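A quick write-up on the structure given underneath.
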Protein chains: 2
Amino acid sequence: MDRIDRKLLNLLQEDASRTNAELADLVGLSPSSCLRRIRRLNEAGIIDRVVAVVAPAKAGKNLKAIVTVELERHGEQYMRQFLELVVAEPAVIQAYGVSGETDVVLMLRLADMDEFDTLCERLFRDRSNVARYYTMFVIRTAKETTAIPL
Amino acid sequence: MDRIDRKLLNLLQEDASRTNAELADLVGLSPSSCLRRIRRLNEAGIIDRVVAVVAPAKAGKNLKAIVTVELERHGEQYMRQFLELVVAEPAVIQAYGVSGETDVVLMLRLADMDEFDTLCERLFRDRSNVARYYTMFVIRTAKETTAIPL
DNA sequence: AGTGGTCTGCAATTTTATTGCACAAAATCG
DNA sequence: CGATTTTGTGCAATAAAATTGCAGACCACT
């Protein structure tokens with residue numbers, strides 16, 4: 001992991017659709033060397049995967065919400081149970097167990113309030129061990145990247 | 001945007017490193033047709049971009065934190081000013097203006113507590129118009145996807 | 001200076017993406 | 001309802017890109 005690897009990773013985190021020749025040029029290497037480095041990064045699992053990012057607006061998913069959840073009972077099995085429940089929902093794009101007053105934080109990607117309503121019904125009804133939850137709707141997205149600073 | 005387009009998008013959101021022939025096969029189309037559809041999705045901006053996802057652990061960024069921030073003064077220009085400040089930080093991977101008591105929610109990706117400490121120093125010191133902030137450290141990541149349900 | 005290991009660039013080869021074209025399906029229009 | 005335009009499709013040829021073998025360069029460690 002030298003300077004060139006880091007540079008490559010930064011470039012690929014930005015735009016992975018570039019051709020190998022282009023990347024090679026940007027880092028100042030021959031295409032073959034560049035390709036071998038990228039393969040090494042893949043095999044080492046440093047590059048976990050390559051994905052297409054869909055524009056939410058163009059996909060009719062304009063509503064984003066961040067939900068903090070406090071559970072009723074706090075055992076490990078209750079936590080696991082609740083996480084299993086939320087993970088199964090396609091609208092839940094991030095789900096974290098966290099420290100502090102709050103037990104779980106969810107990031108939701110939805111079409112509209114109706115979808116939010118039915119989802120809440122499903123996740124936070126009486127049975128599901130949720131003491132309370134608090135929703136923050138995203139008004140403005142100032143930054144949203146998958147790139148890890150290297 | 002028919003059934004095949006949606007299928008293609010789902011596949012690409014999962015793994016965009018597949019060859020066109022592979023994708024064509026998965027959706028039951030000829031390579032040329034498949035390619036043309038993908039290009040159409042690109043040109044329409046439905047596919048916003050293609051990125052490599054780096055494994056945080058392998059990059060030495062094991063600490064993730066979610067921070068809720070309440071500003072001192074609540075005008076539009078103050079909000080903008082604060083967002084500009086945080087957006088410039090590479091460790092801030094997501095930054096949202098939200099509804100509710102909280103004004104801003106940040107998602108941080110860090111190497112360790114030291115980095116967290118110095119970042120807080122920079123973002124939340126007296127000058128920066130932050131009334132209070134609350135940090136939740138991520139203990140367990142149950143789900144983390146970029147894929148939008150289609 | 002010598003040696004094993006790693007990395008590099010070049011050029012050949014293989015794989016993949018891309019395009020032109022003729023035809024078929026669906027939508028549009030008189 | 002049939003004619004016509006539009007849109008989408010598969011095939012085959014072409015262009016572009018990725019991949020590999022190989023010889024030499026560089027580096028760290030004796």
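Order of the sequence lines sets the chain letters (A, B, ...), proteins ahead of strands, with each chain counted from 1. All values derive from a computational prediction rather than experimental measurement.
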Contacts of B:E72 that satisfy salt bridge (charged side-chain N to carboxylate O under 4.0 Å, His left out) - sequence neighbours left out: none
Pairs under 3.5 angstrom, nitrogen or oxygen only, protein versus nucleotides 14-18 of chain D, please.
unit_1	atom_1	unit_2	atom_2	d
D:dA18	OP1	A:N20	N	2.9
D:dA18	OP2	A:N20	N	2.9

Pairwise ring-ring contact (aromatic ring centres under 6.0 Å, His included) hits with a residue in residues 29-84 of chain B, at least two apart: none
Strand-adjacent residues in residues 45-55 of chain A, judged by heavy atoms under 4.0 Å from DNA chain C: none
Provide a list of protein-nucleic acid N or O atom pairs under 3.5 angstrom, restricted to nucleotides 25-27 of chain D.
none

salt_bridge(A:R140, B:E76) N-O dist < 4.0 Å: yes
Residue pair B:R40 / B:D5, side-chain heavy-atom distance below 4.5 Å: yes
Nearest atoms (heavy-atom pairs only) where A:A55 meets B:I148: C-CD1, 4.4 Å
Report all interatomic pairs (protein N or O, nucleotide N or O of nucleotides 5-11 of chain D) with separations under 3.5 Å.
unit_1	atom_1	unit_2	atom_2	d
D:dT9	OP1	B:R37	NE	3.4
D:dT9	OP1	B:R37	NH2	2.6
D:dT9	OP2	B:R37	NE	3.4
D:dT9	O5'	B:S33	OG	3.4
D:dG10	OP2	B:S30	N	2.8
D:dG10	OP2	B:S30	OG	2.7
D:dG10	OP2	B:S33	OG	3.2
D:dG10	N7	B:S32	OG	3.2
D:dG10	O6	B:R36	NH2	2.9
D:dC11	N4	B:S32	OG	3.0

Side-chain heavy-atom pair A:N10, A:E14 within 4.5 angstrom cut-off: no
Beyond-backbone contact of A:M1 with A:L9, side-chain heavy atoms, under 4.5 angstrom: yes
Nucleotide C:dG9, atom P - distance to CG of A:L23 in whole Å: 14 Å
salt_bridge(B:D2, B:R37) N-O dist < 4.0 Å: yes
Test item: B:V51 and A:V51 side chains (from C-beta on) under 4.5 Å apart, heavy atoms: yes
CD (A:E101) with more than 12 external heavy atoms under 6.0 Å: no
A:V50 and B:V53, any side-chain heavy atoms less than 4.5 Å apart: no
Test: A:E89 and B:K143 ion pair at under 4.0 Å: no
